[in-house]
Amino acid sequence: MATRRTWVCRLVFLLASLQLVACGGGSGTTEPFSARIVRTSFGVPHVVADDFGGLGYGAGYAYAQDNYCVLMREVIVASGESARWFGEEEGNVSKDVVFTFFNNDTFIEQEFLAGATDELQALIRGYAAGMNRYLGETGVDGLPEGPEGCRGAPWVREISDVDLGKVYWKLTVLAGIDATDVLITGADDVAPMQSMASASPARLESRSLNKGALGLREPEEIGSNAYAIGAAGPQTGSGLLLGNSHFPWQGSQRWYVQRLTIPGVYDVLGSSLQGVPVVNIGFNEGMAWGHTSSTGQRFGLFELELVEGNPYQYLYDGEVRDIEVSPVTMGVVGAEGNVEERTSNIYMSHFGPLVNLAPLSELAGGWPTIAGTAFALRDANIDNSRILDQFKTMGQARSVIGDRDLHFRLTQARAASVPRPASADLHHLNPSRP
């Protein structure tokens, strides 16, 4: 009798249906994956599989057919290699420094991905295998051309679950470390903050943070809309949810529509961010949901009292702690194709990286130069490995109450890991706060 291994890579086309079977997912994995993809007349993929690995495999393959180069480019950016492949004008050296340091292979594999459930880890491995399956069949020279294409690009390669983990972590810190990269890399030139440890530290009054200085939009400029209508409203007799998400129409943050099904386990139709193997906004048999943005910041600033005579140490709760200096080296390609290596330093406290607030000086109401003081940034989502599990489990909820209980449990699990502010509490930068 034929074993599963003997029908590796066989394709069966049935009208708009595609059956995918593989005994290995590429990038070193030997896991068996199987999925069925059916596309509607509008091209929306409906992926059906028996397990989460297979579901990811089918979802990754279907997505790659539509948007392979969009996600491949995002893998490069999330890996801190944008200037290495795209140059300084198209790439971003500051973000390369930050992503190279924080979004490294060890952290993603051993902490970020390891903190997810086994089901989600299988989903991500399958997704990477599906992407690689598409690349293997198409070849680099067969990929799309155009503004979002990557035909023949030297940076196209097979990807792994770690590569996808970097993309997901980048999305997780979108309003935190990703948005404050210039403040983090700016500390390299003045680290730590002009080496001012010769005088007594001053105390800042709380101030409002001008988000425009960081390229962040004000709360009134963002926020999606959703309207829920009870069963008595629509003529169909069923409830109705109208969603109007304020995300871009182009690029790596636009939505991708898909239906993902494991019979009896997970069955959701809706939209996902590029390369995400679960539905972010959508509906299942029992409920529908939308999203919006809260006005709270995803990061906080902490004042550090430097040790007199040593700007690389600070006091915390009566204890002397070291500021860790970590050199980060990356490549930057020049106009003639030569790659130049550059090194910048990241300075770390136990809260997070030190930051240079000078770029905010005028825009944030006159941040002063303070002798004996440095500032550190804490991103609340820096180690949030449960975010995709949250979306997966949301898709499995059958009622709003069940979804509420899920969020409560996830919040309780995270509470113990959030550090408290240092001696000067600037956590919310609220002008009304003493």
Side-chain angles (χ1 to χ4, degrees), residues 80 94-104 106-107 110-111 173 176-207 209 214 297-330 342-361 364 366-383 416-429 433-434:
S94 180
K95 290 189 185 297
D96 282 349
V97 173
V98 168
F99 291 139
T100 298
F101 179 75
F102 290 100
N103 214 6
N104 60 79
T106 301
F107 166 72
Q110 298 182 11
E111 296 186 49
V173 298
I177 282 179
D178 189 7
T180 57
D181 60 288
V182 293
L183 304 185
I184 297 170
T185 57
D188 185 30
D189 298 326
V190 293
M193 303 305 291
Q194 292 90 31
S195 299
M196 300 176 299
S198 59
S200 299
R203 287 290 178 263
L204 283 180
E205 297 178 359
S206 294
R207 306 184 181 214
L209 180 64
L214 296 175
Q297 291 300 323
R298 305 310 192 266
F299 63 91
L301 296 173
F302 296 80
E303 180 182 357
L304 304 181
E305 180 181 344
L306 299 177
V307 172
E308 185 173 353
N310 188 346
Y312 296 93
Q313 291 183 325
Y314 63 99
L315 296 174
Y316 176 74
D317 205 17
E319 171 185 305
V320 175
R321 298 199 176 195
D322 292 328
I323 293 172
E324 298 179 5
V325 185
S326 298
V328 179
T329 301
M330 78 222 67
R342 296 187 190 177
T343 300
S344 298
N345 291 321
I346 296 275
Y347 296 84
M348 289 291 292
S349 70
H350 75 287
F351 289 113
L354 267 64
V355 290
N356 177 11
L357 297 180
L360 305 182
S361 180
W367 287 93
T369 298
I370 304 171
T373 298
F375 293 95
L377 180 143
R378 166 71 183 178
D379 189 325
N381 285 317
I382 192 170
D383 56 358
S417 65
V418 179
R420 300 300 179 191
S423 54
D425 181 359
L426 302 175
H427 192 61
H428 295 289
L429 297 172
R433 191 171 181 175

Step by step, work out the side chain to side chain contact (heavy atoms under 4.5 Å, CB included) result for Phe375 and Glu303. CA-CA 5 Å; Phe375 293 95; Glu303 180 182 357; 4.0 Å; yes
Is the backbone of Tyr312 close enough, under 3.5 Å, to the side chain of Asn310 for a donor and an acceptor to pair up by distance?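 Side chain of Asn310 to backbone of Tyr312, a donor-acceptor pair under 3.5 Å: yes, one is there.
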Under 3.5 Å donor-acceptor, Ser349 side chain and Gly352 backbone: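 Pair found, side chain donor or acceptor close to backbone of Gly352.
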Go through it in stages, so that I can follow the logic: the residues are Leu306 and Leu315, the test is side chain to side chain contact (heavy atoms under 4.5 Å, CB included), and I'd like the CA-CA distance, side-chain angles, deciding distance and then a yes or no. CA-CA 6 Å; Leu306 299 177; Leu315 296 174; over 6 Å; no
Determine the minimum heavy-atom distance between [X] and [Y], stating which atoms define it.
X: Arg378; Y: Phe302; result: CB-CE1, 3.3 Å
X: Val325; Y: Pro327; result: O-CD, 3.8 Å
X: Phe107; Y: Ile382; result: CZ-O, 3.4 Å
X: Val97; Y: Val328; result: O-CG1, 3.8 Å
X: Ile346; Y: Pro353; result: CG2-CB, 4.5 Å
X: Asp181; Y: Lys95; result: OD1-NZ, 2.9 Å

With side chains defined as the heavy atoms from C-beta onward, is the minimum distance between [X] and [Y] less than 4.5 Å?
X: Tyr316; Y: Glu305; answer: no
X: Thr180; Y: Leu377; answer: yes
X: Val98; Y: Asp178; answer: no
X: Phe102; Y: Asn104; answer: no

Whether Tyr314 and His350 hold their rings parallel, tilted or perpendicular, with breakpoints at 30° and 60°: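 Parallel: the ring planes of Tyr314 and His350 meet at under 30°.
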Donor on one side chain, acceptor on other, Thr185 and Ser344, under 3.5 Å: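 No, no side-chain donor-acceptor pair sits under 3.5 Å.
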Any chance you could measure [X], atom [atom1], to [Y], atom [atom2], to the nearest 0.5 Å?
X: Asn356; Y: Tyr347; atom1: CG; atom2: OH; answer: 11.5 Å
X: Ile184; Y: Met348; atom1: CD1; atom2: CE; answer: 8.5 Å
X: Asp96; Y: Phe101; atom1: CG; atom2: CZ; answer: 15.0 Å

What I want to find out is whether Asp379 reaches Arg298 closely enough, with some N-O distance under 4.0 Å, to be called a salt bridge.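 Answer for the salt bridge query: no.
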